[in-house]
Amino acid sequence: MHDKLIRIEAEKIEKTFAKTLLFRNINFNLGKGDSFYITGPNGSGKSTLLQILAGIQKPSSGNVIYTSDNSVIESEDYKDFLGFTGPQVNPYDMLTSIENLTFTSTEPVDENLMIEYLEKFDLYRHRTKSVKYYSSGMKQRLRLIHALINNPEILMLDEPCSNLDSKGRDILYRILDEVKNNKILIIATNEPEDINLCSKGINLEQ
Amino acid sequence: MNNRILNNIKKDFLIESRNRSAINISFAFAGITTLSVSLAAGGVPFTPVVHSIIFWIILFFSAMSGLAHIFIREEEEKNSLFLSLYYTPEEIYLSKLIFNIILFLSISVIVTVLYLFFLQVLPVYLFLFILTVVAGSIAIASVTTILGAMVSKAGSGSSLFTVISFPILLPVLWTAISLTSVSIDGTGIQEYRNILFLLAFSGVIVSVSYLSFKFIWTEL
């Protein structure tokens with residue numbers, strides 16, 4: 001979609017809630033082909049850091065800087081480069097998977113691509129059911145399709161394997177292996193298999 | 001941007017058509033309140049001012065029962081992050097505003113027809129009456145859309161919505177009541193210029209809401 005050279009730089013990021021320090025002095029620099037994990041115990045701020053990187057939350061101090069061919073991207077435009085999913089990202093229960101994907105696809109909507117992803121994630125036969133009838137694993141598969149379908153330059157996945165069975169995990173790992181060399185991949189996780197996918201990362205416990 | 005606003009409106013209508021309870025409750029509220037007033041009146045003739053006050057009280061509470069729903073639903077069903085990931089705050093605001101204007105104009109049509117029929121009111125200046133209902137409804141929808149967004153983010157539901165809406169809508173109700181009264185009894189037609197106040201009020205509220213919506217919607 002975008003052939004520009006995208007980079008993300010995290011600069012001395014700190015987050016506090018009330019007077020509780022969650023993390024501080026987080027620094028890293030990521031470019032195309034980098035895959036990065038964020039791990040740490042429950043409550044250490046993995047999801048918060050991922051949301052800060054996605055521009056969904058603001059850090060208490062420090063900066064996240066996105067650049068495209070060395071020019072800075074405004075935070076309102078991050079979503080044009082980003083595929084994000086996590087437990088808080090919920091497609092509409094009253095819509096079918098096709099309707100949800102049509103709603104979030106960039107124009108022009110590529111129905112063949114939708115079908116391809118639904119088949120890959122074994123949801124094609126459920127495409128006309130309302131999402132409210134999906135199991136939690138099926139919902140997770142649909143969330144992952146939403147993150148991937150617009151072919152974003154940056155892929156941010158929060159607990160991507162939660163609720164997935166072994167078949168779902170295999171599908172996800174196969175796809176991430178395919179795409180990670182052409183994107184920036186950031187995963188917030190405690191799963192050793194997810195961590196092994198990545199070339200570098202941070203542990204928020206330290 | 002236009003296509004994306006249309007996509008969002010289409011999505012909201014699709015969801016509301018499949019989960020009919022919220023919209024149906026709004027329409028039922030409007031219909032039942034109008035019928036209750038006509039039964040309670042029991043054929044006693046009201047003055048034009050009383051007709052206007054009752055008519056706009058029904059419209060005000062109909063708005064309170066239904067217009068915050070479009071934002072509260074996004075929060076209650078935990079879809080707001082999903083929506084925000086794919087749509088800009090401006091696209092979200094404009095689509096919800098258009099949805100609320102269409103919904104409230106539909107509610108107003110039902111209330112108006114029932115009210116005129118059951119209370120046997122025939123405005124002298126029918127065109128002014130219709131214009132007042134349309135301009136007043138747009139003003140109410142404009143105010144309630146942005147307040148609905150605030151209330152949904154505050155997580156306080158519809159009771160707070162009514163409390164904070166009333167003082168802001170007071171000038172609208174005041175003007176609309178006076179114009180409706182004029183259109184029913186046919187005196188003081190020079191007041192028709194107040195229609196401009198209703199339209200200007202909507203314009204100001206929509207402009208301020210458009211500019212400030214991203215600070216209300218995004219938790220930054």
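Bear in mind the structure is a predicted one, so any value in this text is a computation, not a measurement. Note on naming: letters A, B, ... go to the chains in the order of the sequence lines (proteins, then strands), and numbering restarts at 1 for each one. Heavy-atom basis, side chains included; hydrogens, waters and symmetry copies ignored.
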* Roughly how far, to the nearest 0.5 Å, is the CD atom of A:Glu76 from the OG1 atom of B:Thr218? -> 9.0 Å
* Just how far is it from atom CE of A:Met94 to atom CD1 of B:Ile15, taken to the nearest 0.5 Å? -> 8.0 Å
* **A:Asn70 atom CG, neighbour heavy-atom count above 12 within 6.0 Å** => no
* Asked: Between CG of B:Leu81 and CD of A:Gln51, what distance do you get to the nearest 0.5 Å?
  -> 6.0 Å
* Asked: More than 12 non-hydrogen atoms from neighbouring residues, nucleotides or ligands closer than 6.0 Å to CZ on B:Phe166, yes or no?
  -> no
* To do: Starting from the C-alpha separation in whole Å, work towards a yes-or-no answer on side-chain contact (heavy atoms from CB on, under 4.5 Å) for A:Asp93 and B:Asn79.
  => CA-CA 9 Å; A:Asp93 273 352; B:Asn79 298 123; over 6 Å; no
* Asked: If you round to the nearest 0.5 Å, how far is CG of B:Leu83 from OG1 of A:Thr104?
  -> 11.0 Å
* Structure fact -> Highest number of heavy-atom pairs under 4.5 Å with chain B among A:Pro91, A:Ala54, A:Gly83 belongs to A:Pro91
* To do: Would you indicate whether A:Glu111, at its atom CD, is surrounded by more than 12 heavy atoms from other residues, nucleotides or ligands within a distance under 6.0 Å?
  => no
* **Heavy atoms from other residues, nucleotides or ligands near NZ of A:Lys120 exceed 12 (cutoff 6.0 Å)** => yes
* **B:Arg18 with A:Glu99: basic N within carboxylate O range, under 4.0 Å** => yes
* **Rounded distance (nearest 0.5 Å) linking atom CZ of B:Phe82 with atom CG of A:Asn100** => 4.5 Å
* Report the C-alpha separation of A:Tyr92 and B:Lys11 in whole Å, then their side-chain angles, then the decisive distance to 0.1 Å, and conclude whether the side-chain hydrogen bond (donor to acceptor under 3.5 Å, both in side chains) test is met. => CA-CA 9 Å; A:Tyr92 290 97; B:Lys11 176 265 299 177; 3.0 Å; yes
* Working to the nearest 0.5 Å, report the span between CG of A:Leu82 and OH of B:Tyr86. => 9.0 Å
* To do: Determine the interplanar angle of the B:Tyr87 and A:Phe103 rings, folded into 0 to 90°, and report it as parallel if under 30°, tilted if 30 to 60°, perpendicular if over 60°.
  => parallel
